[in-house]
Amino acid sequence: AQSVAQPEDQVNVAEGNPLTVKCTYSVSGNPYLFWYVQYPNRGLQFLLKYITGDNLVKGSYGFEAEFNKSQTSFHLKKPSALVSDSALYFCAVSQRGTNAGKSTFGDGTTLTVKP
Amino acid sequence: DTAVSQTPKYLVTQMGNDKSIKCEQNLGHDTMYWYKQDSKKFLKIMFSYNNKELIINETVPNRFSPKSPDKAHLNLHINSLELGDSAVYFCASSQDAGTGNTIYFGEGSWLTVV
């Protein structure tokens, strides 16, 4: 069975500071990993994904994530946070060869960026 | 142009009623989904259709019945609504059912059962 953990329910950072939203996963074989963002009263929006290749993945809005196989992690990062980054962030994992709908989503981390 | 659109956005109804949520995607995708997000924001897959064929049917009460008239549309009908059905329901789509595909979500339908 696959699983994903987002150990922090809430992350608070000051505007301009770097931010990290943590994600660890468990899956058989090599994973597909995703980050999605949900703004208040909106649907989830795709940020980035790791499929294969370079462990550092760059995505939308200046976000990036690093796939670390030995630590089974896929932390989301941004060098300089904006107030507008405040939202709910979901990490998701899929086992290769399964259905996209079988992705497992984490419980979400609420990011608050203060001016 | 909205890629995945669902209606209604808000729905308040009484227990025991039957209601439907409609979804359409204009991305040309083969696969569509229904997800449920509860009050704690946890997200769970309910159903998935690939080219009108049901391919995922998670543990969902049979009061919930999805229907896909064509691959661009996936509707969700709920019979005999219960208080516990109150949630946000997201329609979504992906290019196909392959694992690495990005899932594109609609804006959600906020269902409140009173």
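Below, read A as the first sequence line, B as the second, and so on, with proteins coming before strands; counting in each chain starts at 1. Scope of the values below: all heavy atoms of this structure, side chains included, with no hydrogens, waters or symmetry mates.
No other option in B/Gly100, B/Gly108, B/Gly106, B/Ser94 has as many heavy-atom pairs under 4.5 Å with chain A as B/Gly100. Top candidate by heavy-atom pairs under 4.5 Å with chain B, chosen from A/Asn41, A/Leu88, A/Ile51, is A/Asn41.
Remark: A/Arg42 CZ is loosely packed, at most 12 non-hydrogen atoms of other residues, nucleotides or ligands lying under 6.0 Å away.
No part of B/Gln6 comes within reach of chain A, as not one of its non-hydrogen atoms sits under 4.5 angstrom from that chain. Both the backbone and the side chain of B/Ile103 come within contact range of chain A, judged by heavy atoms closer than 4.5 Å. Looking at A/Tyr50, there are no atoms closer than 4.5 Å to chain B (heavy atoms on both sides), in backbone or side chain. Only the backbone of A/Arg96 has a heavy atom closer than 4.5 Å to any heavy atom of chain B. Proximity to chain A is absent for every atom of B/Lys44, based on heavy atoms less than 4.5 angstrom apart. Contacts between A/Gln38 and chain B at a heavy-atom distance below 4.5 Å involve the side chain alone, from C-beta outward.
The ring of B/Phe64 has its center no closer than 6.0 angstrom to the ring center of B/Phe47.
Under the side-chain contact (heavy atoms from CB on, under 4.5 Å) rule, B/Val114 has a single partner from B/Val12, B/Leu83, B/Thr13, which is B/Val12. Evaluated for a side-chain contact (heavy atoms from CB on, under 4.5 Å) with B/Ser48, the options B/Leu54, B/Ile55, B/Asn57 yield exactly one hit, B/Ile55.
When all heavy atoms of A/Tyr39 and A/Ala87 are compared, the pair lying nearest together is CD2-CB, 3.6 Å.
The aromatic rings of B/Tyr104 and B/His29 are tilted relative to each other, their planes meeting at an angle between 30° and 60°.
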